[in-house]
Novice: 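Following this message is one structure expressed as structure tokens.
The sequence lines fix the lettering, A, B, ..., with proteins before strands; numbering per chain opens at 1.
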Protein chains: 2
Amino acid sequence: MTTISDVAAAAGVSVATVSRVINGNANVSPETLAKVTKAIQDLNYRPNLLGRDLRRTKSERVLVLLPNISNPFYSEIVKGIEDVANRNGYSIMLCNTDSDIKREKKYVKMLKTRLADGAILMASEMSCEELTELSKELSIVQCCEYKEGVPLPHVSIENEKAAYKATNHLISLGHRKIAFIGADNQFLSSNLRETGYKRALSDAGIEIKPAYICYGNYSYKSGFRNMKRLLDLPDRPTAVFCVSDVMAIGAIRSAMEENLKVPDDLAVCGFDNIHFSWMFNPSITTISQPMYDLGCTAMEALINIIEGKSSEIVNYFLEYELIVRSSTLKGY
Amino acid sequence: MTTISDVAAAAGVSVATVSRVINGNANVSPETLAKVTKAIQDLNYRPNLLGRDLRRTKSERVLVLLPNISNPFYSEIVKGIEDVANRNGYSIMLCNTDSDIKREKKYVKMLKTRLADGAILMASEMSCEELTELSKELSIVQCCEYKEGVPLPHVSIENEKAAYKATNHLISLGHRKIAFIGADNQFLSSNLRETGYKRALSDAGIEIKPAYICYGNYSYKSGFRNMKRLLDLPDRPTAVFCVSDVMAIGAIRSAMEENLKVPDDLAVCGFDNIHFSWMFNPSITTISQPMYDLGCTAMEALINIIEGKSSEIVNYFLEYELIVRSSTLKGY
DNA sequence: TTGTATGCGTTATCAG
DNA sequence: CTGATAACGCATACAA
């Protein structure tokens, strides 16, 4: 491996001078600049980041922890994060936690060990206590999913209201028997979406039937299975609100297997607006989260923390949108 | 930030002793072990990886460069990579290059600067010359897409034969007017798949019609658009082979818009076997790449290189599979 | 069993 | 404008 002193030797100067050249320091004569530049070229030298970052105690790298890269929902968010990061000279590295707290902590450890300057957490499995502890020493922003009462900024949408809007859309189409396929996890959004669903029903004077409420794990299969169960009910629902598009797809396939027509016999509303929700046939009515903006905002917040521009903890709630398509309304 | 000397001071020992404790060195008395352990706990100390790796000249980290995390094709591969990495004590970090050679080189730079021990390249935009140059100093494995004649191992499938098999499936169903939607990029697989398609036609004594051959960019829209064009042909094809599932989905939606039935009026075959290919309605006939195994094999090969277990360049071709579903054959 | 001293590759300070 | 040198945090050869 060629080091800065190799270059210095080759150019007949000191390492300090080479360092100045590398970092674009102005105080270097044209001749030495040329000599050093040539030596760098000749030796194909690249500064060792480990040495540099150790000295600078700054890496200009940021970790993005997400549960699963195969979830298309995250792709757009990551794009937003990356764009803002690149604009500001940061590199981002994606860390797949697989919703495994052990893996997650391994990556958090890299943060503690200064491998990166900060992190964006997309759906952390850590407890409020753990996160609070981390907040004292690390630069962290929560994105989409977040824990409340933790002294960390978060960026997300108002899930309760979004779910209310989705449910209300189904009600406005004349549905009264509206089922709900939620998620049985620890995340706040799951609760909020269920609350929004229930509030919409209540506000419309519709009785909340426990039999119409079930829980999956965001997967196609769980959507399929739960829908099957709902359709087996003596008084089957005519509409269903799923808290993810992938579950909505599962629900639709389930209905099709029973020879039901969507939306005529069953209206289906999803959540997230992933690409496949409009590619699918029928295209899926859904709540669109501003994924790209969520990513941008999270990264901007993180940079503010890292660079100490603002010490206060700001929480952002971005705008969502109901996108009506063929799975609830014909011809869309 | 608390360092090893803080711990040493707190425990009343030297930094060397603390280092021994951290690294599980046996030569440490039970009492000092206890003292040091306590100090580490009390100060909540974590060794600085930058310092450690700089000293060890080894990071036990590996970079995975991929063009786009939103392509579901890569998710399973990454899972395989991660599992093998974790089993062997490596951490992996995903790097989204966005098919941008500048971004790609930025990450490669991190390799050169010893931030990671090696990398898996999924669809590099770099030239053969550049890759050859890199091969001299870095541990790199190519996965799925690869450049030929470069002294780097690669792991993939035999794309030509796979495409032959897919096309032949359509022929065996009685189709003679078979179109091809390929990809207009620099990747070897694109050429090989086209070659396989043509060879299948030739072997069956079917004339190759240039009008039946068109190119997209793996996206839904390009599949949709190209199919539209094909269907506008005076002598429209009755079957189409797309080199990606997403383009196949686009093609199917295109056919549906023309009120054509799949597979009756148009049989569609994709490539990759992404999750959505079976969730889609109709489910999509496709070539299944052993994505998980591709990832495992690539990571194993990389570890071999990094740890110097084998110096020869081995290329792996894994088994693929034709998965027949409803988009070509009814009732599947 | 423990401590001292050195070096990993940089950058930054300070003197010249 | 340039060079010598200390320091970043850690691991390790060597000495004790």
Side-chain angles (χ1 to χ4, degrees), chain A residues 1-40 43-61 89 109-117 137, chain B residues 1-40 43-61 109-117 137-138:
Chain A
M1 203 200 156
T2 115
T3 74
I4 196 169
S5 24
D6 298 332
V7 177
V13 298
S14 75
V15 292
T17 303
V18 178
S19 179
R20 287 191 192 97
V21 172
I22 297 168
N23 297 291
N25 189 309
N27 298 326
V28 162
S29 79
E31 305 95 76
T32 40
L33 176 65
K35 271 195 302 186
V36 172
T37 310
K38 184 173 182 323
I40 290 178
L43 298 175
N44 190 25
Y45 165 74
R46 298 277 167 263
N48 180 318
L49 283 193
L50 262 37
R52 165 180 293 182
D53 295 345
L54 177 60
R55 179 58 225 238
R56 284 187 178 159
T57 58
K58 179 155 173 51
S59 67
E60 281 169 323
R61 253 169 280 129
K109 198 171 168 183
M110 292 186 183
L111 267 190
K112 289 192 189 172
T113 55
R114 315 264 58 128
L115 203 72
D117 294 338
E137 47 171 338
Chain B
M1 202 200 159
T2 116
T3 74
I4 197 169
S5 24
D6 297 333
V7 177
V13 298
S14 74
V15 292
T17 303
V18 177
S19 178
R20 288 191 191 96
V21 171
I22 295 168
N23 297 292
N25 190 308
N27 297 325
V28 98
S29 79
E31 306 95 73
T32 40
L33 176 65
K35 270 195 302 185
V36 173
T37 310
K38 184 173 182 318
I40 290 177
L43 298 176
N44 190 26
Y45 167 73
R46 298 277 167 264
N48 180 318
L49 283 193
L50 262 34
R52 166 181 293 184
D53 294 346
L54 178 60
R55 178 60 223 244
R56 284 187 179 160
T57 58
K58 180 156 171 51
S59 67
E60 281 168 325
R61 253 168 280 129
K109 198 169 167 183
M110 292 187 183
L111 267 188
K112 290 192 188 171
T113 54
R114 315 264 60 127
L115 202 73
D117 294 338
E137 48 170 337
L138 300 176

Novice: Using whole Å, report how far CG of A:Asn27 lies from P of C:dC14.
Specialist: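 One finds 16 Å between P of C:dC14 and CG of A:Asn27, rounded.
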Novice: side-chain hydrogen bond (donor to acceptor under 3.5 Å, both in side chains) with A:Asn23: which residues, sequence neighbours excluded?
Specialist: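 With sequence neighbours excluded, A:Asn23 shows a side-chain hydrogen bond (donor to acceptor under 3.5 Å, both in side chains) to A:Ser19, A:Arg56, given in chain and number order.
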Novice: Not counting sequence neighbours, list each pair that qualifies as a side-chain hydrogen bond (donor to acceptor under 3.5 Å, both in side chains) and has a residue in residues 45-55 of chain A.
Specialist: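 Residue pairs passing side-chain hydrogen bond (donor to acceptor under 3.5 Å, both in side chains), neighbours aside: A:Asp53-A:Arg61.
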Novice: State, to 0.1 Å, how close B:Ser59 and B:Leu115 come at their nearest heavy-atom pair, and which atoms those are.
Specialist: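 Distance-wise, the nearest heavy atoms are OG-O, 3.6 Å.
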Novice: Check the pair A:Ile22, A:Ile4 against side-chain contact (heavy atoms from CB on, under 4.5 Å), reporting the backbone distance first and the verdict last.
Specialist: CA-CA 10 Å; A:Ile22 297 168; A:Ile4 196 169; 4.1 Å; yes
Novice: To the nearest 10°, let me know how far the axis at one end of the helix from C:dT1-D:dA16 to C:dG16-D:dC1 is tilted from the axis at the other, five pairs an end.
Specialist: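 Both end axes considered, the difference amounts to 40°.
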Novice: At under 4.0 Å between heavy atoms, how does the protein contact nucleotides 4-11 of chain C? Give one character per nucleotide, 5' to 3', with B, S or -.
Specialist: B--BBBBB
Novice: Can you list the residues that meet the side-chain hydrogen bond (donor to acceptor under 3.5 Å, both in side chains) rule with B:Thr2, with sequence neighbours excluded?
Specialist: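 If we apply the side-chain hydrogen bond (donor to acceptor under 3.5 Å, both in side chains) test to B:Thr2, skipping adjacent residues, there are no hits.
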Novice: Name the first nucleotide and the last nucleotide along DNA chain D (5' to 3') that come under 4.0 Å of a heavy atom in chain A.
Specialist: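 Span of nucleotides near chain A: D:dC1 to D:dG9.
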Novice: With sequence neighbours left out, write down each residue that passes side-chain hydrogen bond (donor to acceptor under 3.5 Å, both in side chains) with A:Thr57, or none if nothing qualifies.
Specialist: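 So A:Thr57 forms no side-chain hydrogen bond (donor to acceptor under 3.5 Å, both in side chains) with any residue.
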Novice: Going by the rule salt bridge (Lys or Arg N to Asp or Glu O under 4.0 Å), which residues pair with A:Lys109 if we only count those two or more places apart in sequence or in a different chain?
Specialist: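 A:Lys109: no salt bridge (Lys or Arg N to Asp or Glu O under 4.0 Å) contacts found.
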Novice: Of the non-hydrogen atoms in B:Val7 and B:Val18, which two are nearest, and what is the gap between them?
Specialist: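 Minimum heavy-atom contact is CG1-CG1, 3.8 Å.
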Novice: Could you report the tightest heavy-atom contact between B:Leu50 and A:Arg114, atom names first, then the distance?
Specialist: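 Looking at all heavy atoms of both residues, the shortest contact is CD2-O, 3.5 Å.
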Novice: In a table with atom names and distances, give each donor-acceptor pair under 3.5 Å that connects a side chain of residues 32-40 of chain A to protein atoms at least two apart or in another chain.
Specialist:
| unit_1 | atom_1 | unit_2 | atom_2 | d |
| --- | --- | --- | --- | --- |
| A:Thr32 | OG1 | A:Ser29 | N | 3.4 |
| A:Thr32 | OG1 | A:Ser29 | O | 2.9 |
| A:Thr32 | OG1 | A:Ser29 | OG | 2.6 |
| A:Thr37 | OG1 | A:Leu33 | O | 2.5 |
| A:Lys38 | NZ | A:Asp42 | OD2 | 2.6 |

